[in-house]
Structure formats: C-alpha cells, structure tokens
Amino acid sequence: MTRDELLARLQSIEWSDIEFKEAAWAVPKDALSTVSAFANTTGGHLVFGVKQANGAFTVTGVTDADKMQNDFLGQVRDAHKISVFLPINGSVHTLAEGTVLAFYVPEAKRNEKPVFIDRTPHKAYIRRGGRDDTCTGDELLRFIRDASDTRFDSEPLPDFSVENCFDETTVRWYRQRHTERNPGRYEQLSDTDFLHQMACIVSKQHQLIPTRAGILVFGTDAAVRQILSRPVVDFRVYREAKTAYSAEVRWADRMTPVPEENLLKTWQTMVGFYTRHSEHPFAVDPGKLHRADDPPDYISFREAAINLLIHQDFGEQTRWPTILFFRDQSEFFNPGDAFAPREQLLDPGEKPVRNPSIVALFRRIGLSDQAGSGVGAIYASWRQLGNLPPEIDNDKAEKSFRLTLPKERLLTEAQILAQANLGVRLSAQEADVFAYLTRKGQIDLTDVKALTGLSGADARQLVQRLTVQALLVVQGETGNLFGLAEHLRARFLPAAPGHAENSEKNQPSVAETAATGSTEQATEQVAPEQPGLDRSLDRLTDVQWRIVGHADVPRSLAELMAHTGYRQRPHFVATHLEPLLTGGVLRLTIPDKPRSPQQRYVLTDAGVQLKLLHEQQQAAP
C-alpha cells in the first residue's frame, strides 16, 4: 500500500479489504483473527497505528515500528499461531501524526483453506464487510470439500448398486448424442461398460461402484434423492422489474423444483421452461443446443444455465441454485464460488473447477464450454445484443456465485448524442467503454475486456487512446484502474449537475448561414428561441428523427423541409436542423462554403449510429 492509497483509505469507511487497528504498543490480540479472515476470502490490508472513533479514522501511530513489525511477522510465521505460511508484505509510512504500519494479507490457496489460528480449526474466520466472523460448521465443511485433493463429485459411493442406480432413458439419451459427436466409439459397449469408460463407475477390489458424478448425471430419481436432498435448481419468472421484487411478490411462472431429477433431465426441463418464456417462442433440441431461429438471448442463457448446473456445490444441502427472470434482468445464483478470479473467468483456457468429472461428462456431448470459455461466451453474446455487460459477484466469504444479465442497452440515444457533442471520433469499442465509464465513473482493465472482447494488451491500447483524447485518467498505482476525466464528471455522473449551457447559444448558426446566404439575414429571420431549448441535444424530437432517417445520403434544405412537412425555413432551421449540426449528428457537405447553393446535409458517423439504434428499437418486440 502506497502512502497516497493509505491517505485515500483513511478518508473512506472500513470495509471488506482493509482493517485499521490502533496498536500503539503491541500487536493486538485479534490481529490474527483478521489475518485468518482475509486469507479465507480475497485478501486485504491490515493497518496498525490508526484509531477508529465515531465512524472516523485518526492516525495515532505506533510507538516502536521495528519491534511491532518483527512481532507481527513472527506471529504469522509461527505454525502454532496460524495454520499456513502466508507471504505477508509490510510497508512503513511516516505521517505527521505518527508512524503507520500497513501489511497486505493475500488470499490463501484453495487447498490451504480454511486458515485457522491457535491450531484450532474452529478458530477460522471469514471477512464480511468490516467484520471478522467465526466460520460456522457449514462454512468449514465448504472449505474442506473444496480443499480436498479428491474432488467431491468423483468419490465412489459403495452403498449403491450399478444394476439399479442409473436411469436407462437418460443413459440412452446421452449415448445417442455421444455417438453423434464420436461415431463408432463405444457403440458396441453395454451401458455398464460405457459408464465405466466415462468414469461414472470405478473398480474397487473387483467390485464396480458408481461415483457421485455418475449418479448426479445419470441416476434414477431414487438414487439422486439419496445423495441430494434439495432441488438441483429453482427457476422462476417474474413480471416485475428487480427493483419491485420482494419476498411478498409472487412469481408468474415457476419450474417446479424437483429434488430427485438428475442433471440431464433437469437440463431438458429447463430448456422447455425457457422456451415458453423467451422473447421469440421456439423449439430447441436440448442435446443439439440451438436452431437458426434461437431467441437473441439463448446463447447467454444456455451457457449461464449449464454453468449453474455443473459448477454448483453438491455437498451443500441448505442452499440451492436459483434462476430468476425479471422484466429488466436475469439472475443466476449458485452455492459455491468460482475457483478462478473474475479477470481469469473472461479469458479462454482451462481453469480449476469444483466438479471436473461432471464438467467432462457435459463436454463430451457439447453441453459445456471447451477450454473454459463459457463465461466469455456469455459476455460475447450479451455484448452482441448491445446490453450493459453481465455482472459477476463471486463471494468468497459466502462461497457463492451470482451472475446478473441486465436487459438495458449500453449505448443509448443520449449516450450517442453526448459523444457526438464532445466532438471526438470513437470506434464502436471505444464508444462502448466510454458509455460504461460515464455510467459508473470508474472502470478497470477487466471491465474493458468484458465490454470489448479484446485481449489484455489490446484493451490497454484502447484505454491509452481514450486517455490521449482526455476522456479518462489513470487512477491508483497498478495502472489497471481508470476514472472519467475531471472536466467530464459534472456533465455525466448522476450526482453531478446537468449539461452546461452552450456559451454560443445566441450566436448565428452554421445552418442559418447556409440556409439563408448571410449571417445578417439569418439573424433577422430566426424566430425567438423556445424556452428550455437545449442545443447540447440529449434526445431527438419526432421531426429530428425524420431528418435523421432521410439524411443517410446528402440532402438539400428544401428536401429535408419537404420530407418533414415544414414550410417556415427559420423555425425549421433553428428548432430542428441547427441542434443536429451543433450536436454532431449532421454535417455540411461543403463546410468551408456555408452559403453555397450546392450545400447539402448528411449524417455524421454518430448520426449513422443513431439511425441504426433507432431502427433496432423500432423493430424490437
């Protein structure tokens, strides 16, 4: 932690990734509890020499910085004090009020969790907000399951008989799709031998024993019920927006959560339920995955739903996956966090998974992403729809994973007009990044990759281009965090005032000059400005939309007036045409000769983009 970062955090509130302790004379007794909590979640900073009082932080300093640092590092390296060795780094900051010690505690490796203190596993902690909470029994079991070298889904279950624990219809369905993808392979084998090849059955002391993955994927209802007492998924559809949702709001439709269905039967049921509620009702083979007339959001749904099925924590009996469709967004919740961090989830390539045997079974028939590309496919599909990017909440404390798909366009009419008014030329990807930045005020490199689909190097080059255009600034020491440029914050961020007044609002316009032949004539003929007329242009009138629709090729003023049904030139120019010119939606074909009788008006790049957006909105159901 740098000095500047420390000073910035002192002005904020204590939260999940930082803990302040007064620690004037000695290492606090609860310091190791915080170390355990940080190590079991996502890491964080532990700061000595800062007192908290009445919600504010005051630097009080430590008396002997060298001794304090040596004592603390000695404790975290003592196997009797803490269960694993953590590479903790410290920094010393001398401030006017005193000396402050800041230590970074990294997240422990999965197979090292739970990290506990005093050689007592029940003294393991997790970080929730600004608290260090003792792990419950269920939370300890979640850590232990995920840390095991033997994956939970591959464990043999000797209490089950291979003769009666597998559902014949499910096995037949799977084998048909396996044969389609692998003609001639394993076709002559019996079902038992086939499942043995798929590692759903293992040999132990000359006995064939089904695995947990085999029963979860292919099991009979009775077999599945014995190892999973809760539903595989709860799928509900609501007519309301998420903001109107509460426990009292009843769903409009629900896929009855059946605890005994295996994963493949559940997938087929989910597809049938989804098709009833898709934007464009259609039929789909759940094995072949799609048809040419898929609904626009089907790919995102398919990848998100399958990820939810195969990556959940099947040892968890008190929480279960849910899919909630709201009018304005869809949510996919899973018990069990992703092992890979968010920035890695977006990149292709193999990643550690909770249920490798189940993932392999789904992959063999094309029901799962290859090389860990599932989350990337969700983002790519959602990006093609023009929506705000998906949101991931990978909660290490709760060991849960939530994916939200917002049904809101990223690039709106107001966004396009605002960018055009700035007078900058942005590529489609740059425009998306800038639009997102003006909504959030801050963005990191992973967000840029999510918005554009670019690699890390290309995403950084895009950010550099926006920096050169003075649209964003680098924040923090890592170089991966960016903020909206200061001169744009008041204009775009929600808490800031609205658009600034155009200082040249009362000056004769280019359109008036081009339309009338002289500045003087234009000034005399222009009607008084209407109250509230804002030439910064954040939305178009119906007349302006007709102009945009007609000016895809160069048009004369007379042609535009005839197309819109106007006869009064001054009023048409001042009210409808001039805002489009000053707003960067239209341009003159002969800008250096505004009085030319050959003058024409045509859409700019922003205007073309605006026209396309309008056409898409008109065509939407």
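When a residue number appears, it is its place in the shown sequence, counting from 1.
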Can any side-chain N or O of Q419 pair as donor or acceptor with the backbone N or O of A431 at less than 3.5 Å?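 Checking the backbone N and O of A431 against the side chain of Q419, a donor-acceptor pair under 3.5 Å is found.
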Between [X] and [Y], a side-chain donor and acceptor under 3.5 Å:
| X | Y | value |
| --- | --- | --- |
| E413 | Q415 | no |
| E107 | T41 | no |
| T318 | E316 | yes |
| N334 | R319 | no |
| Q429 | S427 | no |

Could you walk me through whether F301 and S330 satisfy the side chain to side chain contact (heavy atoms under 4.5 Å, CB included) test, starting with their C-alpha distance in whole Å, then the side-chain angles of each, then the deciding distance to 0.1 Å, before giving a yes or no? CA-CA 9 Å; F301 165 78; S330 300; over 6 Å; no
Heavy-atom side-chain proximity of [X] to [Y] below 4.5 angstrom:
| X | Y | result |
| --- | --- | --- |
| V50 | K21 | no |
| V375 | N307 | yes |
| L484 | V473 | no |
| I117 | S33 | yes |
| F482 | L437 | no |
| F103 | F48 | yes |
| D347 | K449 | yes |

For atom CZ of R128, decide whether the heavy atoms of other residues, nucleotides or ligands shown that lie under 6.0 angstrom number more than 12.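 Atom CZ in R128 is crowded, with more than 12 foreign heavy atoms closer than 6.0 Å.
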Hey, is NZ on K396 packed in by over 12 heavy atoms from elsewhere, all under 6.0 Å?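 Atom NZ in K396 is packed in, count exceeds 12.
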Among K81, K123, H80, which residue satisfies the side-chain hydrogen bond (donor to acceptor under 3.5 Å, both in side chains) criterion with D118?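 With D118 as partner, K81, K123, H80 yield a single side-chain hydrogen bond (donor to acceptor under 3.5 Å, both in side chains), made by K123.
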Any ion pair linking R425 and D605 (charged N to carboxylate O, less than 4.0 Å)?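 Yes, charged N to carboxylate O under 4.0 Å.
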Are the aromatic ring centres of F116 and Y125 under 6.0 angstrom apart?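 Centroid distance F116-Y125: not below 6.0 Å, so no.
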Check: Y238 ring centroid to F325 ring centroid under 6.0 Å: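 Judged by ring-centre distance (under 6.0 Å), Y238 and F325 do not meet the cut-off.
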Looking at F152, is R354 sitting on its ring face, NZ or CZ under 6.0 Å from the six-membered ring centre and within 45 degrees of the normal?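 No, R354 does not sit over the ring of F152.
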Give the C-alpha distance, both sets of side-chain angles, the deciding distance and a yes or no for ring-ring contact (aromatic ring centres under 6.0 Å, His included) between Y245 and F326. CA-CA 9 Å; Y245 172 73; F326 297 101; 5.2 Å; yes
Pairs touching residues 406-441 that satisfy ring pair (Phe, Tyr, Trp, His ring centres under 6.0 Å), sequence neighbours left out: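 Ring pair (Phe, Tyr, Trp, His ring centres under 6.0 Å) check on residues 406-441 returns F434-F492.
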List the steps, then state whether ring-ring contact (aromatic ring centres under 6.0 Å, His included) holds for F332 with F401. CA-CA 8 Å; F332 299 77; F401 184 89; 10.0 Å; no
Between F143 and N40, is the side chain to side chain contact (heavy atoms under 4.5 Å, CB included) condition met? List the steps. CA-CA 9 Å; F143 280 122; N40 284 327; 3.9 Å; yes
Walk me through whether Q469 and L426 qualify under side chain to side chain contact (heavy atoms under 4.5 Å, CB included). CA-CA 10 Å; Q469 297 182 75; L426 302 180; 3.7 Å; yes
